Amino acid sequence: MADPKGFLNHGRQIAETRPVSERVKDWNEVYVPGSLLPIISKQASRCMDCGIPFCHNGCPLGNLIPEWNDYAYREDWSAASERLHATNNFPEFTGRLCPAPCESACVLGINQPPVTIKNVEVSIIDKAWDAGDVRPQAPERLSGKTVAVIGSGPAGLAAAQQLTRAGHTVAVYERADRIGGLLRYGIPEFKMEKRHINRRIEQMRAEGTRFRTGIEIGRDLKATDLRKRYDAVVIAAGSTTARDLPVPGRELKGIHQAMEYLPLANKVQEGDYVTAPISAKGKHVVVIGGGDTGADCVGTAHRQGAASVTQLEIMPRPNDERDKVSQPWPTFPILYKVTSAHEEGGERIYAASTTHFEGDEDGQVQWLHLAEVEFVEGRLTQKPGTERRIPAQLVTLAMGFTGTDRDNGLVEQFGLELDERGNIARDAEFQTNVPGVFVAGDAGRGQSLIVWAIAEGRSAAKGVDRFLTGASDLPAPIRPTDRALV
């Protein structure tokens, strides 16, 4: 453990963010560079001798949190990095993007603010990169077996790295022009600068992983042909079929899915465009959906110079604090959350449902009509007399995803079976109904968190390794049927 009195002597401190007036003028990460290092050892010392570390249960990766907290407290950064990488391939991703279910399960959080696990994690990995402690881990010998990984999001990258290090020859296929999946084009630069992805890709290349961009399996290359080329295939294509909003006026110009809008802003940062083809500049923006993707749209609209930003959520406003009856510790509670994007301005409207859109004579959306909703006998019902309209010249739909892409032919060409939720079905080894074809991440689990995606990639890699060699020493932190503590 760290300091036995750490949690008694020190309160919770989190990373300092740059002033709103400064950060909305650029696309850099919102945090003050270097602000964590002066406080992080004291924060790590708050990790108490809890006996049973429930943070392990909150984290699907099984991160050894008390151990690397102790090393961070003692400022043994090299040992902390080793413990961190023992369970997590990409802690710089989770340390920036994960909603930290580990903190919700922290024992200290029963009656005090929990340990800043996420901030300690990102401090350790950033320090490790600066110190040169993150090096390629090439295999000592090759197995002679080949694996294709479809998709380069966190699940695909984790599976590829594990299998490469096990000695297999791995090629990652990505339909976009750059590696990273939603990490690259779904996460705005202000949440995670893409240099973090780039240096991991270089590490993986040095280890032997090969990358093929601009190739969509099912369209550019038939799935059946891919299967013939490789001894095994891992499908990590994500859950990319966006939920739509079938209301009158949906066909108007200016209404876009979030994943049509966000990637273009990221492509500006990559140098592909001077200005985004879909921009919020000078427009009244409405974001439909109250989750993280919706918040990403809000922050992006601020930086593009929107005239106003309104975010709609159909559910009621969550509580500020955990309800000990309906959401007891150590479950992951649904709470009212103010992200960095929300700090930057805009209005949030809860318990509101879009009834229809209204446009001008050119077919461009101008107004969004909404009504308040409430639960009546367990169902959301519109409240009479609450209809109104708000200005909307750009609307982004951030209402989640319903399953993996079916339009490109990948599912049909492989002959894959789907489960009752529309995800690719798999067995206890993450193998589909087609021998040698495995599935990891959101394509098999459904829309989930980055930490679950990495855990899925690591676990699927074990199944692939065992399929290819008959046995495997690779770790498998979760089973396909495991679910979050909710």
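Along the sequence shown, residues are numbered consecutively beginning with 1. None of these values were measured; they are calculated from a predicted model.
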Tell me, do [X] and [Y] make a side-chain contact under 4.5 Å, heavy atoms counted?
X: L157; Y: R200; answer: no
X: L397; Y: R243; answer: no
X: R445; Y: R426; answer: yes
X: V376; Y: E374; answer: yes
X: F438; Y: T432; answer: no
X: T310; Y: V285; answer: no
X: V439; Y: F430; answer: no
X: R175; Y: T240; answer: yes

Suppose we screen for salt bridge (Lys or Arg N to Asp or Glu O under 4.0 Å). Which residues come up paired with K337, at least two apart in sequence or across chains? D292
For C297 and L262, run side-chain contact (heavy atoms from CB on, under 4.5 Å): C-alpha distance rounded to whole Å, both residues' side-chain angles, the deciding distance at 0.1 Å, then the answer. CA-CA 7 Å; C297 292; L262 292 173; 4.1 Å; yes
Return the minimal non-hydrogen interatomic distance between [X] and [Y], and the atom names on each side.
X: A440; Y: A460; result: CB-CB, 3.7 Å
X: A242; Y: Q257; result: CB-OE1, 3.3 Å
X: L410; Y: A223; result: O-CB, 4.2 Å
X: T241; Y: T404; result: OG1-O, 3.2 Å
X: Q304; Y: A276; result: NE2-CB, 3.9 Å
X: Q311; Y: G291; result: NE2-O, 3.9 Å

Does the side-chain contact (heavy atoms from CB on, under 4.5 Å) test come out yes or no for F375 and M315, once each step is laid out? CA-CA 9 Å; F375 278 103; M315 299 299 291; 3.5 Å; yes
Mutual orientation of the aromatic rings belonging to Y230 and Y173 [parallel < 30°, tilted 30-60°, perpendicular > 60°]: perpendicular
Can you sort out the partners of H256 under ring-ring contact (aromatic ring centres under 6.0 Å, His included), two or more places apart, ordered by chain and number? none
Look at atom [atom1] of [X] and say whether more than 12 heavy atoms of other residues, nucleotides or ligands are closer to it than 6.0 Å.
X: I14; atom1: CD1; answer: no
X: R229; atom1: CZ; answer: no
X: L37; atom1: CG; answer: yes
X: Y31; atom1: OH; answer: no
X: E321; atom1: CD; answer: no
X: K267; atom1: NZ; answer: yes
X: R421; atom1: CZ; answer: no
X: R205; atom1: CZ; answer: yes

Is the side chain of [X] donor-acceptor paired with the backbone N or O of [Y] at a distance under 3.5 Å, no angle test?
X: K283; Y: S279; value: yes
X: Q393; Y: H284; value: yes
X: Q431; Y: G436; value: yes
X: S35; Y: V32; value: yes
X: Q366; Y: A392; value: no
X: D482; Y: I478; value: no
X: N88; Y: F90; value: yes
X: T331; Y: P328; value: yes
X: D360; Y: G363; value: yes
X: N433; Y: G415; value: yes

Could you please spell out the steps behind the side-chain hydrogen bond (donor to acceptor under 3.5 Å, both in side chains) verdict for D177 and Y185? CA-CA 10 Å; D177 58 348; Y185 287 132; 2.6 Å; yes
Return yes if a side-chain donor-acceptor contact under 3.5 Å exists between [X] and [Y], otherwise no.
X: D442; Y: Q447; result: no
X: E358; Y: H369; result: yes
X: Q162; Y: N89; result: yes
X: T209; Y: T164; result: yes
X: N63; Y: T87; result: yes
X: E387; Y: Q382; result: yes
X: R184; Y: N198; result: yes
X: Q413; Y: N408; result: no
X: N28; Y: R23; result: no

Between atom CD1 of I454 and atom CD of Q161, what is the distance when rounded to the nearest 0.5 Å? 10.0 Å
Could you please spell out the steps behind the side-chain contact (heavy atoms from CB on, under 4.5 Å) verdict for E174 and V149? CA-CA 9 Å; E174 169 57 54; V149 176; over 6 Å; no
Salt bridge R212-D220, side-chain N to carboxylate O under 4.0 Å: no
Are R195 and E193 within salt-bridge range, i.e. N to O under 4.0 Å? yes
Donor-acceptor contacts under 3.5 Å from residues 97-105 side chains, at least two apart:
residue, atom, partner, partner atom, Å
E103, OE1, R12, NH1, 3.3
E103, OE1, R12, NH2, 3.1
E103, OE2, I117, N, 3.1
E103, OE2, K118, N, 3.0

Whether R227 engages the ring of F414 as a cation-pi pair (distance to the six-membered ring centre under 6.0 angstrom, angle to the ring normal within 45°) should be assessed. no
Exactly one of I125, L84, I40 clears side-chain contact (heavy atoms from CB on, under 4.5 Å) with V120, and that residue is I40
Stepwise salt bridge (charged side-chain N to carboxylate O under 4.0 Å, His left out) test for E344 and R303: CA-CA 10 Å; E344 294 160 3; R303 283 158 180 77; 2.8 Å; yes
Checking V298 against D296 for the side-chain contact (heavy atoms from CB on, under 4.5 Å) test, could you report, in this order, the C-alpha distance in whole Å, the side-chain angles of both residues, the deciding distance, and whether it holds? CA-CA 5 Å; V298 170; D296 294 343; over 6 Å; no
From the list K191, R18, H196, side chain to side chain donor-acceptor pair (under 3.5 Å) with E29 holds only for H196
